[in-house]
Amino acid sequence: MTQPMAASDEQAALHLTAPHPTTPHPTTPQTTALQPAPRPTAPQPTAPQILLRCRELVRPALAAAIERLHPWPREMAAFSLGWCDVGGKPGSGAHGKGVRQALTVLCAEAAGAPGETAVAGAVAVELIHTFSLLHDDIMDGDETRRQRETVWKAYGTGPAVLAGDALFALALETLATSRNANSGAAIRKLSEALNALVRGQAEDLLFETRPWTGPNAVRLHEYQSMADHKTGALLGCAAALGAVLAGAPPSTVTALAQAGQHLGVAFQAVDDLLGMWGDPEVTGKPVHSDLRRTKKTFPVLAALNTNGPVARRLLALLESPSAMDDVTVRHAAELIEEAGGRAATLDEARRHLDMASACLNSVPLAPTAVGEILTLLPFLITRRM
């Protein structure tokens, strides 16, 4: 089996550079006086530093929002965020990187406002993301996330549904009660994203009931539409909320929302790769977990779309009435890679990263914030690979 591409190789392949401000041409000194030495340029913060800064900005408001919940869903919410163990004892569970909340903060800064302007939006987005994970784990039957039990596995299905519903309501309340003059427009953006997210999740679930071949088979363009709704919509919303709460003009809101949408589709492509070849010690999920469930993901559909002899051998495995054992699953993963499914998925991620970058360059934005967003893009796509 071909070994996974090293992170450094993928980072180089996905590398994006932030725009540099134009430096004026030096002029000839008019006197012989010594000129002061130029101050050293501050180093560009790394992606983990950027994410940490944004998490630290948002965490107090996020904690205050969670505190308003009933004690039981509050504990489940804190558990899902890695803040406590079952029973409420403070724990050190792995937390998410906070990508969506960071995007909201950075897009407000890109629009020329302080990051604090968009904290309510960042909290709302993080709450919606957490709600979606709770319900998604139930629908997919996933028992682990971030190397610990999922909420439904730890507390039960009914309680996990309740906790997700509580987070959904809390997100809307957080925006509605914020003192930002643009909170009404922000709620409308969030509502649009929620409708899109539900549409994408419905499509994803229905894909599982459709055959691998024939007129009802899932096509690549259908999968791309699903990813655009299921994952792209919320990242696009995260970016748009930052711009809306910053009072940015419509053209800026649209450009940042589209950048976030493209990032979301790239994000989904990499999630598909992780579900197939991710390291269980890092992802917290069994290797080939999506393949074991014969889930229709981009690498599989891209491999089948080649219609070659390797694709036909793969199809025979997927359509076998027998459940795939460990040997069969590994063989299927090798065929997917041999048919080009893994390479095609990486290409899809890179293509959407390029489009996200183009969106950021299409309108005037604060260069420092744009530089930080561009620093995040390749890091997020090469995560855990």
Review point. Closest heavy-atom contact between Thr375 and Ala47?
Key: CG2-N, 3.8 Å

Point to revise | Donor-acceptor pair, side chain of Thr254 and main chain of Ser251, under 3.5 angstrom | key: no

Exercise for review: Please tell me if the side chains of Leu317 and Ser320 come closer than 4.5 Å, counting only heavy atoms from C-beta onward.
Suggested key: no

Review point. Got a second to check how far Arg146's CZ is from Thr150's OG1, nearest 0.5 Å?
Key: 11.5 Å

Check your understanding: Which atom pair, heavy atoms only, marks the closest approach of Arg74 to Leu69?
Key -> NH2-O, 3.1 Å

Check your understanding: Among pairs that include at least one residue of residues 105-115, which meet side-chain hydrogen bond (donor to acceptor under 3.5 Å, both in side chains), considering only residues two or more places apart or in two chains?
Key -> Arg53-Glu109

Exercise for review: Report the residue from Thr117, Val125, Val58, Val123 that forms a side-chain contact (heavy atoms from CB on, under 4.5 Å) with Thr104.
Suggested key: Val125

**Study point:** Residue pair Ser80 / Val151: nearest heavy atoms and the distance that separates them
**Key:** CB-CG2, 3.6 Å

Point to revise | Inter-residue atom distance Cys84.SG - Ile66.CD1, 0.5 Å rounding | key: 10.5 Å

Review point. Is there a salt bridge (Lys or Arg N to Asp or Glu O under 4.0 Å) between Lys296 and Asp290 once you walk through the steps?
Key: CA-CA 8 Å; Lys296 295 175 179 69; Asp290 285 347; over 6 Å; no

Review point. Is there side-chain contact between Val310 and Arg313, with heavy atoms separated by less than 4.5 Å?
Key: yes

**Study point:** Arg292: which of Asp325, Asp142, Asp326 passes salt bridge (Lys or Arg N to Asp or Glu O under 4.0 Å)
**Key:** Asp326

Check your understanding: Does the pair Glu75 and Tyr155 meet the rule for a side chain to side chain donor-acceptor pair (under 3.5 Å), with working shown?
Key -> CA-CA 10 Å; Glu75 179 187 321; Tyr155 291 87; 2.7 Å; yes

Exercise for review: Under the salt bridge (charged side-chain N to carboxylate O under 4.0 Å, His left out) rule, collect the residues that match up with Glu222, sequence neighbours excluded.
Suggested key: Arg210

**Study point:** Derivation and outcome, side-chain contact (heavy atoms from CB on, under 4.5 Å), residues Glu173 and Arg68
**Key:** CA-CA 11 Å; Glu173 178 191 326; Arg68 298 201 299 271; 3.2 Å; yes

**Study point:** Check: Asp228/Tyr223 side-chain N/O donor and acceptor closer than 3.5 Å
**Key:** no

Check your understanding: Taking atom types as modelled, is there a side-chain donor on Gln258 or His262 under 3.5 Å from an acceptor on the other?
Key -> no

Revision key, fill the gap. Residues passing the side-chain contact (heavy atoms from CB on, under 4.5 Å) test with Glu192, sequence neighbours excluded, are Lys189

Practice item. Cation-pi check, Arg342 to Phe298: give yes when NZ or CZ is under 6.0 Å from the six-membered ring centre and within 45° of the ring axis, no otherwise. Key: no

Check your understanding: Taking Ser132 for the side chain and His129 for the main chain, is one N or O donor matched with an acceptor at less than 3.5 Å?
Key -> yes

Review point. Is Val300 close to Met276 at the side-chain level, that is, under 4.5 Å between some pair of heavy atoms?
Key: yes

Exercise for review: Check the side chains of Gln44 and Glu372 for a donor-acceptor pair under 3.5 angstrom, ignoring hydrogens and angles.
Suggested key: no

Practice item. Find out if a path of hydrophobic residues (ILVMFWY) with successive side-chain heavy-atom gaps under 4.5 Å connects Val253 to Leu365. Key: no

Review point. Can you hop from Trp72 to Phe168 via hydrophobic side chains spaced under 4.5 Å?
Key: yes

Review point. In terms of hydrophobic clustering (I, L, V, M, F, W, Y; side-chain heavy atoms under 4.5 Å; direct or indirect links), are Leu335 and Leu304 co-clustered?
Key: yes

Check your understanding: Say you draw a straight line from CG of Leu291 to CH2 of Trp277; how long is it, rounded to the nearest 0.5 Å?
Key -> 8.5 Å

Practice item. Start with the C-alpha distance between Glu56 and Arg59, add both sets of side-chain angles, then the distance that settles salt bridge (Lys or Arg N to Asp or Glu O under 4.0 Å), and finish with yes or no. Key: CA-CA 5 Å; Glu56 290 179 342; Arg59 173 66 184 263; over 6 Å; no

**Study point:** Non-hydrogen atoms of Val99 and Leu51 that approach each other most closely
**Key:** CA-CD2, 4.3 Å

Revision key, fill the gap. side-chain contact (heavy atoms from CB on, under 4.5 Å) filter on Leu57, not counting sequence neighbours, yields Val105, Glu116, Val119

Exercise for review: Mind listing the closest non-hydrogen atom pair of Leu374 and Pro378 along with its distance?
Suggested key: O-CD, 3.1 Å

Practice item. Quick one: do Glu348 and Val265 satisfy side-chain contact (heavy atoms from CB on, under 4.5 Å)? Show the steps, please. Key: CA-CA 9 Å; Glu348 176 77 352; Val265 177; 4.2 Å; yes

Practice item. Could you walk me through whether Trp152 and Glu143 pass the side-chain contact (heavy atoms from CB on, under 4.5 Å) test, one step at a time? Key: CA-CA 8 Å; Trp152 76 265; Glu143 298 184 354; 3.9 Å; yes

Exercise for review: With the side chain counted from C-beta on, respond yes when Leu376 and Ile373 share a heavy-atom pair under 4.5 Å apart, and no when they do not.
Suggested key: no

Check your understanding: How long is the gap from OG1 on Thr174 to CG on Leu62, to the nearest 0.5 Å?
Key -> 8.5 Å

Exercise for review: Considering only NZ, NE, NH1 and NH2 on the basic side and carboxylate oxygens on the acidic side, decide whether Arg351 and Asp354 come within less than 4.0 Å.
Suggested key: no

Practice item. Compare every heavy atom of Gly121 with every heavy atom of Leu241, then report the nearest pair and how far apart it is. Key: CD1-O, 3.8 Å

Could you give the side-chain donor-acceptor pairs of residues 230-237 under 3.5 Å, partners two or more places apart or in another chain?
| unit_1 | atom_1 | unit_2 | atom_2 | d |
| --- | --- | --- | --- | --- |
| Lys230 | NZ | Asp204 | OD2 | 2.8 |
| Thr231 | OG1 | Gln268 | OE1 | 2.5 |

Review point. When rounded to the nearest 0.5 angstrom, what is the spacing between OG1 in Thr157 and CG in Asp137?
Key: 11.0 Å

Check your understanding: Does Leu194 reach the side chain of Ile128, with side-chain heavy atoms less than 4.5 Å apart?
Key -> yes

Check your understanding: Quick one: CH2 on Trp212 to CG on Leu315, what's the gap to the nearest 0.5 Å?
Key -> 9.0 Å

Revision key, fill the gap. Taken in chain and number order and not counting sequence neighbours, the residues that satisfy side-chain contact (heavy atoms from CB on, under 4.5 Å) with Ser225 are Glu203, His229

**Study point:** Cluster check Val86, Leu134: I/L/V/M/F/W/Y, side chain < 4.5 angstrom
**Key:** yes

Exercise for review: I would like to know whether Ile187 and Leu190 meet side-chain contact (heavy atoms from CB on, under 4.5 Å); could you show each step before the answer?
Suggested key: CA-CA 5 Å; Ile187 290 174; Leu190 183 59; 5.6 Å; no

Point to revise | Any side-chain heavy-atom pair of Thr294 and Met324 under 4.5 Å | key: yes

Review point. Do Leu360 and Val244 belong together in a cluster built from hydrophobic side chains that touch within less than 4.5 Å?
Key: no

